[in-house]
Amino acid sequence: MDKRPLTDNSNDSESWALAYPHNKNVQGLVVSGFSKQPFARALFLEFKFSKNHKGNSWLKALTSIAPITDADGPDPRCAAIGFTWFGLCKMGLDPDSLESFDRPFKEGMFQEDRLRRLGDRRGNKWSKTVIDGGPKWSGNTPLDTAAHDSTARPFHSSTGKKTIDAITTNITVHAVLLLYEDNDAAVAQWAVQVTQILAPHGVAVVHQLPLNRTSSTNEIEREHFGFADGISQPIPFEKDVVNLSQTLTKSHDSVHLVPLGEILMGHPNGHGEIAKGPVVSGISSNVSGSDPGKLRPHPRGENFLDFGFNGSYMVVRELRQDVAQFWISMDECAKHLNKSLNAGSSPVNADWVASRVMGRDRNGHLLCPGGVLPANASGRPDNEFRFFDRDKMGYGCPLGSHVRRGNPRDGLAPSSTDKDILLNAANSHRILRRGRKYGPKISDPRCADADDRGLLFICLNTDIGRQFEFIQQTWILNPNFAVLHNETDPLLGPCGGFTIPDEQLRKIIDVKSYVQMVGGEYFFLPSIAALRYLEAL
């Protein structure tokens, strides 16, 4: 599920921060996730004004009550904001600038091919991993010109034409505003104030989610199924831009270090290229680009400003969790396995099965042949492992478990000489997760109630296709992942089989759809300078 700090990581030996002036120009959500503020609200905004609207007075009004937090250090309360492509269009960003964004962002999550990649929809049918009746909200991004292409071409029969229809939701979202506070009552009141101040400017809150995380710094953060959450995150690096803790500086072989350009635009990425971002026309008086309040000149485009620099693409998906079905299903799987046990074998229970589905035990320790990986020196789950040497065949942590699919590390290497190559390849698809759970804790995990609960999945990346969509399509939902056959992720995928390898013979159980998508969209998370530019439109 989502990967956030397991506890308050202000004293974490494996921490990182941005150097000046980047820390004043990057939204604070990127670096900290605002872990010190356990309560939050996600406000999904619709711009009711026309597409030709001029002026963004609503952004100035928002700044007066909820200024967007930068990454220069802790704040008593925090805010972050992201925009859909059509939201930027309605705000008056010019057509050439809008065209400079990457294609997945311009098309939106609900474009037909993107939905297919994500496993949400095929043809005219929604997957079982989507709520009944289809999702509630999206950006409702208009189809691009290619979808309306009616040009006659040789060898195209008139009967073979395909009509592409826009896939829309009842609720349209143009921006998402995230508010963070240290108590629930305060953030609820803050959300009311923001809603009231935006309304006169034609900006409406059309959907809202109360978010939370464990408030005690000594308690493990758990998602609704009851498993430790937030153990594994990529750690960005770039000389003179990212300040790493002493522990990370000494660790040259960390499995989690990735170039900053995997997270923020305008920096070198894992391919040794500058991560591309959108541009706007103009000449900045800030020639050096050192003023965090101004857009820098684009390094490769004369008379263009680097609108994407220190920004990121933010993937948001509201995922509902069916806790009761999950644990009842785990009971049924354990019962099935116990019927086929050999004489003298120990029976298994629902926790045993659920741990194999996840790949970790409830406290976050990786499953290994014969038990779990011991805690590290700080008493936290050891996350510096590789799969190839420790558990290549998946006798501890199953090959198709959620953990291995989400980040296979070097586990897909065909031979020992390929371990580092496969680890580097896996790290070129990492994403930085910043989501939180929503809804109350279920009182009885095997008894369904009327409350909605789940995860507001949020991740940051600079290449949606290579990072988020690759993970979803090639690892999470790939039916042939790691030489398996006709299986997908046992936690996030549709109903189907799940193999638990064994040295004698493999065990196969049937899993169901435990997580369903309620809504989602691709957002642009601008830098502070880009926000100031939008204010001035």
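Computed from heavy atoms alone, side chains included, the values below leave out hydrogens, waters and symmetry copies.
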Classify the angle between the aromatic ring planes of Phe47 and Trp58 as parallel (below 30°), tilted (30 to 60°) or perpendicular (above 60°).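 Rings of Phe47 and Trp58: tilted, 30 to 60°.
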
Between [X] (side chain only) and [Y] (backbone N and O only), is there a donor and an acceptor less than 3.5 Å apart?
{"X": "His22", "Y": "Val241", "result": "no"}
{"X": "Lys437", "Y": "Arg222", "result": "yes"}
{"X": "Gln189", "Y": "Asp184", "result": "no"}

Residue pair Val187 / Arg41: nearest heavy atoms and the distance that separates them: CG1-NH1, 3.5 Å

Given the ring of Trp190, does Arg77 sit roughly above its face, with NZ or CZ under 6.0 Å from the centre of the six-membered ring and within 45° of the axis? yes

Less than 6.0 angstrom from the centroid, inside 45 degrees of the normal: does Arg317 satisfy that with respect to the ring of Phe457? no

If you take the centroid of each ring, where Trp contributes its six-membered ring, are Trp475 and Phe470 closer together than 6.0 Å?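 Yes: the rings meet the under 6.0 Å criterion.
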
Please confirm whether Phe307 and Tyr533 have ring centers closer than 6.0 angstrom.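 Aromatic pair counts; centres sit under 6.0 Å.
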
Do the side chains of Arg296 and Asp306 get close enough for a salt bridge, i.e. N-O under 4.0 angstrom? yes

Check ring-ring contact (aromatic ring centres under 6.0 Å, His included) between Phe385 and all other residues, then give those that pass, not counting sequence neighbours.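 ring-ring contact (aromatic ring centres under 6.0 Å, His included) list for Phe385, sorted by chain: Phe387.
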
Testing His271, His267, Arg466 one by one against Glu262 for a side-chain hydrogen bond (donor to acceptor under 3.5 Å, both in side chains), which residue passes?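 The option that passes is Arg466.
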
